[in-house]
Structures are given as C-alpha cells and as structure tokens.
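Here the structure comes first, spelled out in structure tokens, and everything after it is commentary.
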Amino acid sequence: MKKKIILLCMLAASCALSAQRLAVENSFARPLGDVLNEIQARFGVGLEYNIDTVGKVLPYAGFRIRPYSVDESLAGVLAYFDYAFVKQADGRYKIKPYEYPRRTPADGRKMLDYLNTLYADREAWEARAADLRREVRGQLGIDTLLKQRSGARPIVSALRKFDGYTVQNIALETLPGLYVCGSIYTPAAKGRHPLIVCPNGHFADGRYRKDQQQRMATLARMGAVCVDYDLFGWGESALQVGAAAHRSSAAHVIQALNGLSLLDYMLTRKDIDPARIGVNGGSGGGSQVVLLTALDNRFTAAAPVVSLASHFDGGCPCESGLPISLSCGGTNNAELMAMFAPRPLLVVSDGKDWTASVPELEYPYLQRIYGFYGAAGRVANVHLPTEGHDFGPNKRNAVYDFFASTFGLDKTKEDESKVTIEPDAALLSFGPAGERLPKDAARSFEAVAACVDKKLHAKQIADQALEKKAAGWVEGLGLDKEKQAAVSTLVYNHLKQVRDWHNDHPYTTIAEGINPFTGQKLSKLDREMIADSAMPKAVHEKLMKGLRNILTDEQVEYVLDKYTVGKVAFTLKGYYAIVPDLTAEEETVILGHLKQAREQAIDYKNMTQISAIFEIYKTKCEQYLNGNGRNWRQLFKAYVDKRNAEKAAAKK
Ligand code: ZN
C-alpha cells in the first residue's frame, strides 16, 4: 500500500514538472512586432522588415532576449518563425524569411574551411572534383535532356556589318520545338578566332541592354567570336514558354542545355579555334559560368563577374532551382568553380554585393586549389570595393584585359565608342510578337514539360485522357453546350480525384490481416478496396449533388451507367434468365440493390474493383431471393444445366 502511494506521488510530481515545462497558461507570449520594437529600443538599432509580423505571436518572448547581444537576441526571437537577419553596411538589420540559397559570409568561411579539410593535394582534390562533376550532372538531370536534343541546324539571320565586326541572330532548336535565341558577334577579320560563350544574367533588358552589346561587340572587334542568348522565359523565349517558366526549376537545367548546345553548334564553325573557348557572364550569367564549366571540359578560360561566392548560390530558380549545391554532401559555387583549375580564371567582385567577401574568402580558397597544380598565378581577382552589382565599365575593362592576355586579343581595338548599339528588334530571330516562329514551335511551357519532367507529363497525358472520357460519356445526353461543359467538368473532377486517391494510397498502406467474411488472408484486391474506400465522402457527394442539380433522374442514371459499363441492366437480365418467373416485387428489390452497387462502384478506379462491389450486392440479392421462398443454388444449377443442354443440342 505504502509503495503504491509513493509511486502515485512520484507520478504526480513528474506530471506537475512536465506541465510547468510545456504550458504555463500564457506561455509569456507577446506579439512579434512588440518584441522587435523592444529590441530596437533596447539596443538602439534600426530594423528593416522583409517579413510580415501581423498576427505573429512569440511564446516565451522575453526569455529569448539576451541583454548582452543584439545578434543573439534577434537570432533567438526569429528562429521560432524560420526568419533570419542580415546586418547591413549601415549597421541596420534586415529581417527576412529563411532563404536556402543565401547564407552569410561567416557560413561561407566555415564551409570553405571544412571543404579544405577534404583535400590536401591534387590527387585528393581530383577525386573529389570527379565525384562533384558526376553528382552535379545527376542533380541537374542534364544527361536526360542532352539525349532528347533535336539536333536541328540553327536558323540564322543575314549578317549586319559594323565597324570591325558583324552581328548575326541565331535561333537554335534545343528540345523539340523549343528554341534558344541569341546573337553572334564575329570579328570582321578573316581567320580562326577564339570563342566566348556569354550566358546572360538578370540585368534589366536582358541581352538587349547597352552594356551587353558594348561588351559583345568590343570583344569581337578585339578578335573573339562572342555568342549571347536569352534566359529561359526571357526575351524571345518568353514568346514560347511564357515569363513564368523562368520561375520553374526547369529553368536551371534548360539554361545549362542552351549554353552547351550553342557551344556544340559554334564548334562546328570553321572560324572557331577549339583551343581557345571562353565563358563570361555577370550576376546570374556568372552562375551560368560556374555551371557550364562544371558540366563541360571544353572551356579553356572563364570569367564570372559580380557573382561567385561561397555563401550565395544565386537564388533565382535558374540558379538554385535544382539542388546542385547538395552534391557530394554539400558544396558551393566556389568549390564548383575551383574545378576549373588550372585553366585561366578571372573572378570580378565588388564591395556592395555578396561578392564583397571574394578577396578574403573565395580568392584565397581558389588559389589554394590552383596551387595543387603549381598554377596559383592563373586565377585572378579584380575587386572593385567602391562599386556595386552591375556590369559597368571597370568590370568590362577587367574582362577585356583578361581575354586579351589569355586569348591574345588585339588591345588596340578596345574602344567601346566604335560599337553600334542596335534596337532590341534587330536582335530578334522571330520578331517582337514571335510572328516568324516556325509552325511546329512550342507555344507553351507544357509543350516542353515532357522533356523535363516525365512524371508531370505522364500526369498531364492521363488528365487529358480522363477529360476525353468524361466528355464522351456526357455527349450522349444531348445537353446544351453550357450544361454539357458543367457536367463534363463534374465527372472529370470526380474521375481525377478517384484516380489520384487510388494512386496515392496503394494497397501496401493497408496492413495485412484476415477478411472477416471469408476468414482468409486479405487479398491484394481486398486491401486495395479498403484503401480506396477511405476516400473522403465529399468527393462522391459533390458529384452526385452536381449531377442531380443539372440533370433529370434518368440522365443521372445514364451517367452512372457509363461509369459502370451498364452493369445494372446486364446483371438484372441475368437474374431474369436464372429466375424466369421473377415477380415485379422481387425485381424492385433486386434493382434497388444493383443501383446501390452502381452508386458505390463509381468511387473505385478500375473494373476489377467495380465488379467486386457488384459481387457484394449480388450476394445480397441472392440472400433476399432465398428469404423470399426461393432456392438460389437450385435455380442457378437448373440454369447452368439448361444452358449446357442447349449448347450440346446446338453441336449436334
Ligand atoms: Zn533566373
């Protein structure tokens, strides 16, 4: 007895403790906005909000504030909402939602320190680089796309001649029906030239902007062939797939595909020297430089501008849409760029964006890797501490100098004033409204989705088939257009929900067990039926309510018969064959059962399941007949015997 009391006391005490831990009645909760205001006042700091604090309440609010540290206080308060803060150059704190592609320079340093422990020499580094190359390809899914390329010859415009260079527009079909459009700037002088592939970033006006044309044309005047091209969903690509396509993860791999496909084509030109292949881009174009060089070994010189960092992957779906930074347990753009060693590399950075860390962090890291090859001198950093995020004159000059020395270009031709800036329309292959797009060109993102995401496309195809099925069923009702559309939509939505529920809840989600009716182990079909029967009733009710609102009772039955391939009439006919003197009353009861079976069966996906539902109700019908003074087994046997006798007679 005593023992029992002690045990109860201990239980009570531990309950009281856990209650204290978990739920003091008010949890010391305060509105997030108030807590942040307190932090501002207490530490005398300014906060900038990139989040909405309305309605957000923070439990144990005051306990999260550390009187000795604004940073720790903010971290403690914001972690609850998965928000983060970034200290601005002016000392203010910007509060923002968690962003997976963006970390802090401190994180960048820790990551590079960690990565440096993975390789102490060239051999270890090359093993890591080989793994990275393979995994980046896999994360991106680039090989699947490369296999699907159309291989068509590009559509090129007439040459436009300018002072020391020509410009020609190019539209290259990459995936069937999908074009990448760009412009090729070629030196006027004859001979073999180096090539510089220039992926574009997200600067306003894309590749049509003035400083882009200045750079392409100046490099061409200096002796290099340059090719630039639209981002996926930008420029002429928007006419094909829409601007929203750029915000899909497909942009990441399709842009890589575009760059590699243009490289392949350009290398078929007789005037290109395959020993001198450069790649250069700013901002998002710099992210493309990292990606293209990681994917293809043919590049011999690279220059990412205001882009490369160990703590920021880019943040646009075309840079971070696919998880390449998760390769080999975690990597970043600095490590991916290091795979370019020992080939000549120029990193241009500035003081006012995330590349401010390059001289301290990324450049020394790159030099270490280049050092494995005794080539630390082949990686250069031009850092512009007073400049911001653009492709301004000093950045362009750094690029001109780099390619002049690496590819032996003519520095005396470095004069941007000689460049003719063309209007946007001149740089288009298909015209401002796409009026010259080929007949078989894709006109929507969905049209190319099959190449990118097989699963998504398979679902689209399956949806289309269901849509057709629903429309076909409803057509026979001879409704007016509006009603026909409404009923087709009801049926289509129901069919789709039944299919999706079935596919999302396979029989394996139901535990093995015994069927209470048969005493046997549950079959696969049993488990499938149990899983499907859990679909919310609302799906069924919405269809039936909608049908009954629009259609007559007879028409509703017509639709249900379509679902169940006329099983009600067919089965009833069977009962008449077996029970020739079926009474009107018996028919009413049997028909009632069969109609119940029909309405239940429409919520199952395939014919085997639909038949299984009818079997349940047929058993009920037979039990009813037995209870009504009939002997079902005898009737059925007599029917079979009669059929066999008829068959035997027919054979004679
Ligand atoms: Zn982008």
Side-chain angles (χ1 to χ4, degrees), residues 101 108 111-112 115 118-119 122 124-146 195-201 229 231-232 249-264 267 277-305 307-347 358 362 365-366 368-370 372-373 375 378-379:
M111 185 66 176
L112 292 181
L115 291 176
L118 302 182
Y119 22 80
R122 181 173 162 178
W125 161 250
E126 287 189 345
R128 164 87 178 173
D131 289 344
L132 281 169
R133 279 183 211 286
R134 196 184 55 249
E135 285 203 21
V136 165
R137 293 190 90 83
Q139 296 282 14
L140 205 59
I142 185 78
D143 292 302
T144 321
L145 286 204
L146 287 171
L195 167 71
I196 305 174
V197 176
C198 297
N200 197 23
Y229 50 101
L231 294 171
F232 182 62
S249 58
H252 203 172
V253 63
I254 288 182
Q255 284 183 195
L257 176 81
N258 289 344
L260 298 181
S261 301
L262 280 166
L263 173 63
D264 285 344
L267 282 169
I277 305 296
V279 55
N280 166 231
S283 190
S287 302
Q288 290 285 303
V289 169
V290 175
L291 191 59
L292 291 174
T293 55
L295 294 170
D296 201 303
N297 261 326
R298 287 173 292 179
F299 295 101
T300 64
V305 174
S307 166
L308 189 75
S310 55
H311 48 89
F312 186 42
D313 311 328
C316 180
C318 79
E319 302 163 283
S320 306
L322 294 162
I324 57 168
S325 65
L326 298 183
S327 301
C328 295
T331 181
N332 58 36
N333 278 350
E335 191 183 35
L336 297 179
M337 193 72 251
M339 300 197 299
F340 201 62
R343 291 161 285 180
L345 171 65
L346 166 71
V347 180
V358 168
E362 289 80 5
Y365 167 80
L366 289 166
R368 177 173 182 262
I369 306 296
Y370 272 70
F372 292 156
Y373 298 84
R378 279 200 222 151
V379 53

Minimum heavy-atom distance between [X] and [Y], given as atom pair plus value:
X	Y	result
G259	L292	CA-CD2, 4.0 Å
L140	L322	O-CD1, 3.6 Å
G201	L231	O-CD1, 3.2 Å
A251	F232	CA-CD2, 3.7 Å
P304	L346	CD-O, 3.0 Å
L115	G330	CD2-O, 4.0 Å

If you apply the rule side-chain contact (heavy atoms from CB on, under 4.5 Å), what do you find for L366 with L308, and how did you get there?
CA-CA 11 Å; L366 289 166; L308 189 75; 3.9 Å; yes
With sequence neighbours left out, what residues match [X] under side-chain contact (heavy atoms from CB on, under 4.5 Å)?
X	result
N258	T174, V180, Y229, I254
R134	D131
M339	W125, A129, L132, R133, A294, L336

Starting at [atom1] of [X], measure out to [atom2] of [Y] and round the result to the nearest 0.5 Å.
X	Y	atom1	atom2	value
L291	L260	CG	CG	8.0 Å
Y365	M337	OH	CE	11.5 Å
T300	F340	OG1	CZ	6.5 Å
Y370	R122	OH	CZ	12.5 Å
L195	I277	CG	CD1	4.5 Å

Side chain to side chain donor-acceptor pair (under 3.5 Å) partners of residues 333-342, not counting sequence neighbours, each pair once
Y119-E335, R128-E335, T331-E335
Donor-acceptor under 3.5 Å ([X] side chain, [Y] main chain):
X	Y	answer
R378	L345	no
N332	H311	no
E362	S310	yes
S320	P317	no

Which residues pass the ring-ring contact (aromatic ring centres under 6.0 Å, His included) test with F312, sequence neighbours left out?
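F312 satisfies ring-ring contact (aromatic ring centres under 6.0 Å, His included) with W354 once adjacent residues are dropped.
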Tell me, please, which residues at least two apart from E135 pass salt bridge (Lys or Arg N to Asp or Glu O under 4.0 Å).
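Counting only residues at least two positions away or on another chain, E135 forms no salt bridge (Lys or Arg N to Asp or Glu O under 4.0 Å).
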What residues form a side chain to side chain donor-acceptor pair (under 3.5 Å) with [X], not counting sequence neighbours?
X	result
H252	none
S287	E319
S249	none
Q288	none

Are the side chains of V289 and S307 in contact, using a 4.5 Å heavy-atom criterion?
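The answer is no, as the side chains (C-beta and beyond) never meet within the 4.5 Å cut-off.
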Non-hydrogen side-chain atoms of L263 and F299 separated by less than 4.5 Å:
yes
Could you note down all residue pairs passing salt bridge (Lys or Arg N to Asp or Glu O under 4.0 Å) where residues 322-333 supplies at least one of them, sequence neighbours left out?
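Every candidate salt bridge (Lys or Arg N to Asp or Glu O under 4.0 Å) pair involving residues 322-333 fails, so no pair, neighbours aside, qualifies.
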Salt bridge (Lys or Arg N to Asp or Glu O under 4.0 Å) partners of residues 281-303, not counting sequence neighbours, each pair once:
D264-R298, D296-R298
